[in-house]
Peer 1: 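Pasting a structure here, questions to come.
Keep in mind it's a predicted model, so treat the numbers as computed, not measured. Lettering of chains follows the sequences in order, A, B, ..., and the numbering in each one begins at 1.
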Protein chains: 2
Amino acid sequence: MNGSRTRTQAGVNLPALRHHNATLVLDLLRAAGADGISRLELAEGTGLTPQAVSKITARLREDGLAVGAGLRPSTGGKPRTVLRLVPDAQFAVGLHLDRDGLTAVLVDLAGRPVAVTTAPLDLGAPAEQVLADAADAVRDLSAAEPHKPVLGVGVAVPGPLDHRDGVLHRVTGFPQWDGYPLRAALAERTGLPVVLDKDTNAAALALALGGAGGGDFAYLHLGTGLGAGLVLGGEVHRGARTGAGEFGHQTLQLDGPLCGCGGRGCIEALCLAAEARGDRGEAARVLGMGAANLVGLLDIDRVVLGGRTVAADEDAYVRGVRAVIEERAARGGAGAGVTVTVAGGGDRPVAEGAAQLVLAPVFGRVGERG
Amino acid sequence: MNGSRTRTQAGVNLPALRHHNATLVLDLLRAAGADGISRLELAEGTGLTPQAVSKITARLREDGLAVGAGLRPSTGGKPRTVLRLVPDAQFAVGLHLDRDGLTAVLVDLAGRPVAVTTAPLDLGAPAEQVLADAADAVRDLSAAEPHKPVLGVGVAVPGPLDHRDGVLHRVTGFPQWDGYPLRAALAERTGLPVVLDKDTNAAALALALGGAGGGDFAYLHLGTGLGAGLVLGGEVHRGARTGAGEFGHQTLQLDGPLCGCGGRGCIEALCLAAEARGDRGEAARVLGMGAANLVGLLDIDRVVLGGRTVAADEDAYVRGVRAVIEERAARGGAGAGVTVTVAGGGDRPVAEGAAQLVLAPVFGRVGERG
DNA sequence: GCACTTTGGCAACAGCGTTGCTTAAGTGGA
DNA sequence: TCCACTTAAGCAACGCTGTTGCCAAAGTGC
């Protein structure tokens with residue numbers, strides 16, 4: 001009669017409750033942005049009483065995380081006081097380690113980048129060398145805001161990895177990273193907390209927090225390969241082994257052409273082959289088929305496309321993917337009302353999303369310890 | 001700068017905290033089953049202090065939900081007192097409304113069925129008639145435990161529906177159910193809370209709570225059609241419109257044979273066509289391809305097969321699906337360590353899972369209001 | 001039989017959000 | 001100009017949560 005998943009350590013005591021409600025208020029403050037939000041609106045959004053919100057915001061103001069920001073027009077009584085997040089109270093570093101380059105960004109609490117560094121990087125170099133470069137980037141960026149606390153470092157890398165213990169599994173073509181404990185190593189060098197995740201997950205997180213519209217969505221990244229980042233229930237879905245988002249090697253054509261992975265008819269192979277022979281319409285249609293499958297399976301609200309190959313002709317891909325999804329919806333299948341957009345911004349969203357790995361827990365979102 | 005998903009009413013006050021911790025303890029008690037669990041083990045499992053657990057369990061005992069159940073062998077000091085859930089303190093009704101039959105089950109808190117009813121049902125009959133039959137079944141079952149409270153009625157139905165407001169969308173072939181507010185109607189007739197969900201989701205919930213092993217998994221139901229129920233992060237993933245689990249009409253063969261849905265190369269069409277022509281190996285292989293796609297995309301731990309078609313030759317399907325997943329894993333793809341099993345038990349798991357829709361919130365699992 | 005270990009309850013406590021009330025700060029009609 | 005009214009937000013008391021410190025209960029083992 002045993003069986004159900006054991007939930008470890010989910011008990012809530014008073015400090016945990018206090019922290020939870022504070023993160024909730026911070027999340028609403030962040031969502032409100034520069035416009036700010038009143039205490040009563042916070043009360044409505046959290047379900048707490050106005051008095052509880054007053055106490056919580058008083059503590060946040062004491063900590064320098066929130067400030068008053070003027071008054072609302074009166075509606076016949078005392079006007080509401082608007083509160084606003086203080087974005088530059090704390091910062092986080094985001095690191096994108098790619099095969100051929102390193103992008104590092106310092107972002108404030110609102111997720112806005114305040115300093116960016118890019119440098120060439122050889123992922124094939126010894127780990128010590130790469131680590132030193134990464135640590136240098138973190139140090140340089142931290143110097144941009146010398147007197148403000150940096151909460152931690154988020155790192156986005158291409159290959160499979162374990163988000164929980166921060167260990168790389170294997171980065172295709174670079175065997176020296178097999179089982180490398182990147183989180184621990186970088187944490188020791190920088191003296192900061194480090195969080196690790198896949199590049200597609202980081203991009204998806206950035207889109208979930210900074211982008212337009214809420215809801216569940218999939219980020220499909222088409223570059224040298226094809227991968228996905230999934231946001232379900234407002235949080236990045238990683239799976240037990242951080243393996244979720246394996247999208248490129250989904251079989252889309254039974255017994256189709258051979259793929260580099262050894263399989264047949266993989267979306268990635270079909271899509272990139274079509275692209276290679278100049279048939280962008282077919283590439284977009286194939287991608288759309290895969291996207292439509294995903295939309296139906298997970299009942300998501302939108303699909304966001306990104307990556308260099310998409311960037312080369314955004315319109316064609318958006319139109320092609322949208323056409324497939326709409327055709328299926330018109331037949332009575334899933335996908336009605338699903339929007340298809342592009343991420344834009346090149347590779348920088350990945351670094352910013354990496355920083356969000358650190359910021360997410362501050363606002364009660366799942367970053368670490370999914 | 002707006003954007004992040006607005007979380008409504010997530011604030012936690014003291015009653016909510018109390019309830020949360022109590023459900024946590026209840027969940028551990030249920031997981032322990034007849035073996036029971038000691039206070040200190042509960043403390044370890046929840047992260048609460050032993051004293052807090054003592055207070056919580058005292059309340060549960062006062063409410064008749066838990067009792068002492070002997071002592072553990074001493075380890076050199078006072079022996080631990082074992083606590084056990086009282087399964088027959090409360091009950092729930094599960095209802096499975098299928099196209100041609102109705103299965104109703106009364107389960108105790110441990111999820112064990114204590115009474116079962118089956119009856120023919122014509123889903124094409126007027127709604128009032130079907131409703132009356134359903135309400136009768138609920139009343140008859142409740143009479144089996146006349147002096148114990150029945151917490152509510154969980155209802156599993158085949159078609160698309162909205163889990164949140166309990167409204168059916170359309171049950172293929174039975175237009176009179178379009179937009180029918182089944183939850184409200186049945187709640188009024190029975191005087192009990194009613195929760196509605198898809199049959200595949202109910203089956204998945206039953207497997208998640210009663211089955212062997214935890215972790216994320218997919219339940220694939222192959223009967224007259226092909227559908228899926230997904231359990232991610234220990235909870236049923238429904239999506240915003242309760243549409244998740246649309247698996248049968250995933251495209252698996254680009255421009256393949258026409259499917260009844262109007263699409264081409266759908267898994268369901270390929271699989272059932274192979275089955276129809278007696279090629280069960282191919283049917284299992286096709287199902288395995290779809291399952292492998294899903295395993296990779298979501299990084300799940302196991303695949304559970306069910307439904308009449310699978311039941312006709314469980315071995316062939318398990319072996320076929322397992323072979324595809326293992327082949328992909330052996331190539332370095334996703335799926336290493338994934339187990340493939342059958343649900344067994346025919347259709348009764350669906351009704352039991354429906355009852356779990358009601359029980360899940362008692363144990364802090366998501367049943368209502370995903 | 002006694003020292004030791006371990007469990008679990010009792011009582012006092014700090015701190016959470018809530019409630020009841022008061023004060024602050026506006027609007028708008030007479 | 002005044003005053004009644006409305007709305008926002010703080011103060012103080014309160015109930016209840018889990019926590020802490022302490023002690024009794026109930027075993028083991030030399």
Side-chain angles (χ1 to χ4, degrees), chain A residues 9-29 32 36-63 66-84 364, chain B residues 8-26 28-29 32 36-63 66-84 364:
Chain A
Q9 307 285 93
V12 177
N13 53 20
L14 289 174
L17 178 146
R18 171 187 174 139
H19 179 254
H20 171 84
N21 287 340
T23 62
L24 228 58
V25 169
L26 276 172
D27 196 34
L28 290 174
L29 281 168
I37 184 171
S38 74
R39 285 173 180 76
L40 285 165
E41 287 158 356
L42 287 170
E44 200 175 347
T46 56
L48 298 170
T49 61
Q51 183 61 25
V53 170
S54 274
K55 285 190 178 178
I56 292 167
T57 54
R59 288 196 294 263
L60 294 178
R61 282 162 50 185
E62 207 167 312
D63 295 344
V67 287
L71 302 174
R72 284 275 162 77
S74 167
T75 60
K78 177 174 176 177
R80 300 183 174 185
T81 310
V82 175
L83 298 172
R84 186 176 55 77
Chain B
T8 42
Q9 308 287 92
V12 178
N13 54 19
L14 289 175
L17 177 146
R18 172 187 173 139
H19 180 255
H20 171 84
N21 287 341
T23 62
L24 228 59
V25 169
L26 276 172
L28 290 174
L29 281 170
I37 183 170
S38 74
R39 285 174 181 76
L40 285 163
E41 288 159 356
L42 287 170
E44 201 176 347
T46 57
L48 297 171
T49 60
Q51 183 60 25
V53 170
S54 275
K55 286 189 178 180
I56 292 166
T57 54
R59 288 196 295 261
L60 293 179
R61 281 163 48 185
E62 207 166 313
D63 296 344
V67 287
L71 302 175
R72 284 275 162 76
S74 166
T75 60
K78 179 174 176 176
R80 301 182 173 185
T81 311
V82 175
L83 298 172
R84 185 176 57 78

Peer 1: Toward the 5' end of DNA chain C, which comes first, A/N21 or A/L71, by nearest nucleotide?
Peer 2: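 Between the two, 5'-proximity favours A/N21.
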
Peer 1: Could you state the atom-to-atom distance from NZ of B/K78 to P of C/dG8 in whole Å?
Peer 2: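 Rounded to whole Å, this separation is 6 Å.
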
Peer 1: Please tell me if B/S54 has a side-chain N or O lying less than 4.0 Å from either OP1 or OP2 of C/dG8.
Peer 2: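 No, outside the criterion.
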
Peer 1: Are side-chain heavy atoms of B/L14 and A/L14 found at a separation under 4.5 Å?
Peer 2: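 When only atoms from C-beta onward are counted, A/L14 and B/L14 do touch, with a gap below 4.5 Å.
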
Peer 1: What do the steps show when you test A/V67 against A/L83 for side chain to side chain contact (heavy atoms under 4.5 Å, CB included), and what is the final call?
Peer 2: CA-CA 6 Å; A/V67 287; A/L83 298 172; over 6 Å; no

Peer 1: Please tell me if the side chains of A/T46 and A/N21 come closer than 4.5 Å, counting only heavy atoms from C-beta onward.
Peer 2: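 A side-chain contact under 4.5 Å is absent here.
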
Peer 1: Given atom CZ of A/R18 and atom C1' of D/dG18, what is their separation to the nearest angstrom?
Peer 2: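 About 15 Å, once rounded to whole Å.
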
Peer 1: Take A/L42 and A/I56, measure what side chain to side chain contact (heavy atoms under 4.5 Å, CB included) needs, and give me the verdict at the end.
Peer 2: CA-CA 10 Å; A/L42 287 170; A/I56 292 167; over 6 Å; no

Peer 1: Nearest to the side chain of B/L40, which nucleotide is it out of C/dT7, D/dG18, D/dG10?
Peer 2: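 Side chain of B/L40 sits closest to C/dT7.
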
Peer 1: Separation of A/R39 atom CZ from D/dA9 atom P, in whole Å?
Peer 2: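 Spelled out: CZ on A/R39 to P on D/dA9 is 5 Å.
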
Peer 1: Pick base, sugar-phosphate or nothing for A/R72, based on heavy-atom distances below 4.0 Å to the nucleic acid.
Peer 2: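 A/R72: no heavy atom of the nucleic acid under 4.0 Å.
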
Peer 1: Measure from the side chain of B/K55, starting at C-beta and using heavy atoms only, and say which of C/dA12, C/dG15, D/dA26 lies closest.
Peer 2: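 Closest nucleotide among those given: C/dA12.
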
Peer 1: Which whole-number value in Å describes the distance from A/R80 CZ to D/dT6 P?
Peer 2: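 Those two atoms, CZ and P, are 16 Å apart.
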
Peer 1: Using a 4.0 Å heavy-atom cut-off, does B/S38 contact any base of the nucleic acid, only the sugar-phosphate backbone, or nothing at all?
Peer 2: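 Counting heavy atoms under 4.0 Å across all strands, no contact is made by B/S38.
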
Peer 1: Mind checking A/L17 for me? I need base, sugar-phosphate or nothing, with any heavy atom below 4.0 Å counting as a touch.
Peer 2: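 It contacts sugar-phosphate atoms only.
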
Peer 1: Atom CG of A/L14 and atom C1' of D/dT20: how far apart are they, to the nearest Å?
Peer 2: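 Between C1' of D/dT20 and CG of A/L14: 13 Å.
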
Peer 1: Expressed in angstrom and rounded to an integer, what is the separation of B/I56 atom CD1 from D/dC16 atom P?
Peer 2: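 In whole Å, D/dC16 P lies 16 Å from B/I56 CD1.
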
Peer 1: The side chain of B/P79 lies closest to which of these nucleotides: D/dA25, D/dT19, D/dG27?
Peer 2: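 Nearest to the side-chain atoms of B/P79, counting from C-beta on, is D/dG27.
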
Peer 1: Tell me the interatomic distance from A/N13, atom CG, to C/dG15, atom P, rounded to whole angstroms.
Peer 2: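 One finds 13 Å between P of C/dG15 and CG of A/N13, rounded.
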
Peer 1: Give the rounded distance in Å between these two atoms: NE2 of B/H19 and C1' of C/dG17.
Peer 2: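 It works out to 18 Å between those atoms.
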
Peer 1: For C/dT7, does OP1 or OP2 lie under 4.0 Å from any side-chain N or O of B/T81?
Peer 2: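 So the side-chain polar atoms of B/T81 never come under 4.0 Å of the phosphate oxygens OP1 or OP2 of C/dT7.
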
Peer 1: Checking contacts here: which listed nucleotide (C/dT18, D/dC16, C/dG9) is nearest the side-chain heavy atoms of A/A52?
Peer 2: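 The listed nucleotide nearest to A/A52's side chain is C/dT18.
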
Peer 1: Less than 4.5 Å apart, side chain to side chain, heavy atoms only: is that true for A/H20 and A/V12?
Peer 2: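 No. Closest side-chain heavy atoms not under 4.5 Å.
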
Peer 1: Of all the nucleotides listed (D/dA13, C/dG9, D/dG18), which has the minimum atom distance to the side chain of B/Q51?
Peer 2: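 Between D/dA13, C/dG9, D/dG18, the one nearest the side chain of B/Q51 would be C/dG9.
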
Peer 1: Considering only C/dC16, C/dT19, D/dG10, which nucleotide approaches the side chain of A/T49 most closely?
Peer 2: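 Between C/dC16, C/dT19, D/dG10, the one nearest the side chain of A/T49 would be C/dT19.
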
